[in-house]
K.L.:
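Handing you a structure now.
Remember, predicted model here, so these are calculated numbers, not experimental data. Throughout, residue positions are numbered sequentially from 1 according to the sequence presented.
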Amino acid sequence: MSNVLNDSSVNDSSVNDSSVNGNIIFIGFMGSGKTTLGRKIAKHFGRLFLDTDLLIESRENMEILDIFKQHGEKYFRNLEREISELIQNSIRNSIIAVGGGFPTAVSSLQKLGFVIYLDIDFDFMISEVKKHPAELEKRPLLENLDEAKKIYDFRKKIYKSQADKIFTINHNNYEIIVDEVINFLKNIKEFE
Ligand code: S3P
């Protein structure tokens, strides 16, 4: 495996350059498949897979839902910014799925790596997530679907502005998207 964690040979100027840190960052709304896709891509290329939600849950020893309930969203966004620093300073050559709101908390994602936005239609996403009630329950911001749609519309432009590359998810055949992403990554210099 070619992951280099805490590589002291990486100097500070290279840390800010996504073309040398080798990370791929998946962004997109809740339920767009960042984790599912990220895991498959990581396995294919033999890279480390990280998920910022899981890192936050480990750090806090608490589930996201409970962090929101006990400490509120602002506290959670601060944790996302902390994790962003950690990725920027210490993580190389990895595949990283970030929470749906992460690009709103962290303004310059390209410092962390090459950014791929998984653009999913809202109604399609809801129909998919509803098939797995546990997935719906663990996401506090999907409790009220009218509010969730407003957040979705607001975030879309943020996702687009942060993305180096966009893949549209409009069907549930993730294997096709996985192949598309793999072929794309094989041909970019940021992922060597
Ligand atoms: C959130 C998305 C969730 C999680 C938290 C908040 C958001 O991650 O970080 O519930 O603000 O969109 P996923 O995108 O992995 O569901």
K.L.:
Side chains of E135 and K130, heavy atoms from C-beta outward: is any pair under 4.5 Å?
P.N.:
no
K.L.:
Without hydrogens or angle criteria, can the side chains of Y152 and E147 be said to hold a donor-acceptor pair below 3.5 Å?
P.N.:
no
K.L.:
Do Q162 and P103 have side chains that approach each other closer than 4.5 Å (heavy atoms only, starting at C-beta)?
P.N.:
yes
K.L.:
Within a strict 4.5 Å, meaning less than it, do heavy atoms of the K156 and D119 side chains meet?
P.N.:
yes
K.L.:
How about L142 and V129: do any of their side-chain heavy atoms sit closer than 4.5 Å?
P.N.:
yes
K.L.:
Looking at every heavy atom in both T52 and V98, which two are closest together, and how far apart are they?
P.N.:
OG1-CA, 3.2 Å
K.L.:
Applying side-chain hydrogen bond (donor to acceptor under 3.5 Å, both in side chains) as the test, list every pair that has at least one member in residues 30-42; sequence neighbours left out.
P.N.:
T35-D51, K40-E175
K.L.:
Cationic tip of K43 within the cone over F49's six-membered ring, i.e. under 6.0 Å and within 45° of the normal?
P.N.:
no
K.L.:
Using side-chain heavy atoms (C-beta onward) and a distance below 4.5 Å, is Y75 in contact with E60?
P.N.:
yes
K.L.:
Would you please test Y117 and F167 for ring-ring contact (aromatic ring centres under 6.0 Å, His included) and show each step?
P.N.:
CA-CA 6 Å; Y117 166 32; F167 285 91; over 10 Å; no
K.L.:
Compare all side-chain heavy atoms of V181 with those of F26 and state whether any distance is below 4.5 angstrom.
P.N.:
yes
K.L.:
Using side-chain contact (heavy atoms from CB on, under 4.5 Å) as the criterion, list what pairs up with I169, not counting sequence neighbours.
P.N.:
L118, I120, F124, Y174, I177
K.L.:
For the CD atom on E63, are there more than 12 heavy atoms of other groups (residues, nucleotides or ligands in this structure) within a distance under 6.0 Å?
P.N.:
no
